[in-house]
2 protein chains.
Amino acid sequence: MNYEEAKIKFVSTWGSLGTLWGINKAMAQIQALLFISTKPLSMEDIMEELKISRGNTSMNLRQLMDWGIVTKEIIPGERKEYFTTEKDVQELARTIAKERSRREIQPVIKVLKDVSSIKDDGTEKTKELIKQTKALHELTETADDMINKLVNQRQNWITKSLLKLLT
Amino acid sequence: MNYEEAKIKFVSTWGSLGTLWGINKAMAQIQALLFISTKPLSMEDIMEELKISRGNTSMNLRQLMDWGIVTKEIIPGERKEYFTTEKDVQELARTIAKERSRREIQPVIKVLKDVSSIKDDGTEKTKELIKQTKALHELTETADDMINKLVNQRQNWITKSLLKLLT
DNA sequence: ATAAACTTTCAATAATTATTGAAAGTTTAA
DNA sequence: TTAAACTTTCAATAATTATTGAAAGTTTAT
């Protein structure tokens with residue numbers, strides 16, 4: 001496998017993984033491309049590499065910026081805008097975990113809290129609903145907390161030692 | 001919010017969360033429905049509750065069984081098949097994490113390993129590709145390991161104490 | 001063996017989501 | 001101020017994914 005093959009394989013695999021986890025393919029691929037690029041890329045560069053339209057590129061770059069994992073780079077003397085992604089995997093993971101938590105998990109935790117707080121009318125089905133959604137609420141909250149804390153450990157050694165502790 | 005409203009809210013929220021994370025809505029809703037049901041449900045029951053077709057119900061039940069989180073229940077004297085889901089949230093999380101890891105993460109780890117192992121031809125871009133995919137490989141592998149280990153802790157106290165340790 | 005009761009399969013269709021491309025918008029240089 | 005260089009927007013279209021429903025398949029009771 002040479003450079004070009006490896007690049008294509010990485011970018012397309014990352015795109016597929018994104019799709020599987022509810023992330024738009026183009027978005028994941030743009031991020032992957034920037035992640036292995038040695039220099040900021042322009043919209044033209046991205047369109048060309050991924051064979052996608054200007055509109056698609058523009059919209060997905062904006063989304064990546066909204067997520068906080070891509071930033072605009074102004075290159076002096078250049079008219080075009082250039083883009084880069086966070087290069088540190090730990091920081092990247094931190095940002096993604098934080099955003100998905102905020103956008104997707106927190107609202108669900110809220111619903112689970114509400115649902116599990118309905119008045120117990122004494123029927124078996126109500127008791128079961130309360131019991132099960134309460135358990136799910138606790139699990140979700142704990143998992144969310146944990147992921148955020150783990151991913152926030154900038155010092156990799158804590159993570160490593162935790163892993164040992166758990167083995 | 002009464003029982004019926006709470007049930008609808010829970011089931012539909014769970015369905016939306018599924019969609020967001022790449023899981024078919026009907027599949028997530030069926031699982032949610034079974035999760036709060038006090039007794040096994042038949043295909044008819046599920047179709048009726050979720051207003052979905054027989055075919056859809058059948059296919060998604062099969063998928064849930066393939067995932068190992070729903071099982072067929074034979075009720076003596078009954079001709080119909082009945083279904084139940086794993087009721088313990090910890091066990092549920094364990095199964096889902098294991099399956100998603102096996103189906104989706106492991107193949108990506110393999111690709112990252114391959115891509116990060118290409119021959120270093122000395123060019124800057126190749127060095128960057130290797131460096132970045134290697135970092136991603138390590139992160140993915142560590143995260144995957146960790147999630148599986150955490151989720152495998154059947155004794156909740158370990159999880160709880162870990163959380164404290166991390167705070 | 002037959003038929004009733006049930007489940008599965010899968011081609012057709014619907015619903016959702018992603019993508020295009022060109023017009024409208026913005027910025028910069030002269 | 002004009003126009004060239006660039007980006008954004010968004011209605012139209014394409015691609016993907018989910019769902020239906022009816023025919024085919026299976027199981028059980030008689």
Side-chain angles (χ1 to χ4, degrees), chain A residues 11-34 40-67 70-84 100 103-104, chain B residues 11-34 40-67 70-84 100 103-104:
Chain A
V11 170
S12 69
T13 302
W14 210 241
S16 310
L17 182 66
T19 299
L20 235 33
W21 287 73
I23 287 156
N24 176 304
K25 188 179 75 169
M27 187 170 155
Q29 288 191 341
I30 292 171
Q31 198 277 326
L33 194 60
L34 292 173
L41 300 181
S42 68
M43 255 178 57
E44 296 287 346
D45 295 335
I46 296 167
M47 288 167 59
E48 156 95 3
E49 283 273 10
L50 302 179
K51 312 266 185 272
I52 59 177
S53 71
R54 189 174 297 283
N56 198 4
T57 308
S58 171
M59 287 171 115
N60 284 106
L61 276 170
R62 163 196 281 278
Q63 281 220 73
L64 284 163
M65 289 188 286
D66 289 348
W67 272 66
V70 161
T71 48
K72 224 175 253 185
E73 198 98 337
I74 306 297
I75 296 191
E78 284 271 18
R79 192 70 172 274
K80 280 185 207 148
E81 293 177 329
Y82 285 79
F83 301 89
T84 43
R100 288 204 91 154
R103 298 172 186 222
E104 300 161 5
Chain B
V11 169
S12 70
T13 302
W14 211 240
S16 310
L17 182 65
T19 300
L20 235 33
W21 288 75
I23 285 156
N24 176 303
K25 188 179 74 171
M27 188 170 153
Q29 290 191 342
I30 292 171
Q31 199 277 328
L33 194 61
L34 292 173
L41 300 181
S42 67
M43 256 178 54
E44 297 287 346
D45 295 335
I46 296 167
M47 288 165 60
E48 157 96 1
E49 283 272 8
L50 302 179
K51 310 266 184 273
I52 59 177
S53 71
R54 190 173 295 283
N56 197 3
T57 309
S58 171
M59 288 172 115
N60 284 105
L61 277 170
R62 164 196 280 277
Q63 280 220 74
L64 284 163
M65 289 187 285
D66 288 349
W67 271 66
V70 161
T71 48
K72 225 176 252 185
E73 199 97 336
I74 306 297
I75 296 191
E78 286 270 17
R79 192 71 171 273
K80 280 186 206 148
E81 293 176 329
Y82 285 79
F83 301 89
T84 43
R100 288 205 90 153
R103 298 171 187 223
E104 300 161 5

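The figures that follow rest on heavy atoms only: side chains count, while hydrogens, waters and symmetry mates do not. Bear in mind that the values here come from a model prediction, so they are computed numbers and not experimental data. Just so it is clear: chains get the letters A, B, ... in the order the sequence lines come, proteins before strands, and each one is counted from 1.
- For B:Lys80, counting side-chain heavy atoms from C-beta on, the closest listed nucleotide (C:dT20, C:dT7, C:dT9) is C:dT7.
- The side chain of B:Thr19 lies closest to C:dT17, out of C:dT8, C:dT17, C:dT20.
- For A:Glu81, counting side-chain heavy atoms from C-beta on, the closest listed nucleotide (C:dT8, D:dT7, C:dT20) is D:dT7.
- Among all heavy-atom pairs drawn from A:Val11 and A:Gln29, the shortest one is O-CG, 3.5 Å.
- No more than 12 heavy atoms of other residues, nucleotides or ligands lie within 6.0 Å of CZ in A:Arg62, so this atom counts as exposed by the packing criterion.
- A:Gln31 and A:Trp67 are not linked by any side-chain donor-acceptor pair at a separation below 3.5 angstrom, with hydrogens and angles left out of the test.
- Side-chain proximity of B:Asn56 to the nucleotides C:dT8, D:dT19, D:dC10 is greatest for D:dT19.
- When distances are taken from the side chain of B:Met43 to each of C:dT7, D:dT20, D:dT8, the shortest belongs to C:dT7.
- Spacing between atom CD of A:Glu78 and atom C1' of D:dA5 amounts to 12 Å, rounded to whole angstrom units.
- One interatomic measurement links the two molecules: CE of B:Met59 to P of C:dT8, which rounds to 11 Å at whole-angstrom precision.
- Computed from coordinates, the B:Lys51 NZ to D:dT20 C1' distance equals 16 Å when rounded to whole Å.
- In this structure, A:Leu20 places its CG atom 15 Å from P of D:dT16, rounding to the nearest Å.
- Pair assignment for D:dA22: C:dT9, on the basis of Watson-Crick or G-U wobble contacts that are both within less than 3.5 Å.
- Of the two residues contacting DNA chain C, namely A:Arg54 and B:Tyr82, the nearest-nucleotide position lying further toward the 5' end is that of B:Tyr82.
- Here the P atom of nucleotide D:dT8 and the CD atom of A:Glu44 are 13 Å apart, to the nearest Å.
- Partner assigned to C:dA4 is D:dT27, using Watson-Crick or G-U wobble distances below 3.5 angstrom.
- Comparing D:dA18, C:dT20, C:dT9 by their nearest atom to the side chain of B:Ser58 picks out C:dT9.
- Nearest to the side-chain atoms of B:Ala26 among the listed nucleotides D:dT20, D:dT19, D:dT27 stands D:dT19.
- The side chain of B:Asn24 has D:dT19 as its nearest neighbour among D:dT19, C:dT7, C:dG21.
- Between B:Leu20 and A:Arg100, the shortest heavy-atom distance links the atoms O-NH2, 3.0 Å.
- Separating the CE atom of B:Met65 from the C1' atom of C:dT7 is a distance of 10 Å, rounded to the nearest angstrom.
- Residues A:Phe83 and A:Glu73 have side chains not in contact (no heavy-atom distance under 4.5 Å, counting atoms from C-beta outward).
- Between the side chain of A:Asp45 and the main chain of A:Ser42, a donor-acceptor pair closer than 3.5 Å is present.
- Both A:Lys25 and A:Phe83 lie close to DNA chain D; mapped to their nearest nucleotides by heavy-atom distance, the more 5′-ward contact belongs to A:Phe83.
- Side chain of B:Arg79, nearest nucleotide from C:dA4, C:dT19, D:dT20: C:dA4.
- Rounded to whole Å, atom P of D:dT17 lies 15 Å from atom CD1 of A:Ile23.
- Rounded to whole angstrom, the span from the CD1 atom of A:Ile52 across to the P atom of D:dA15 amounts to 15 Å.
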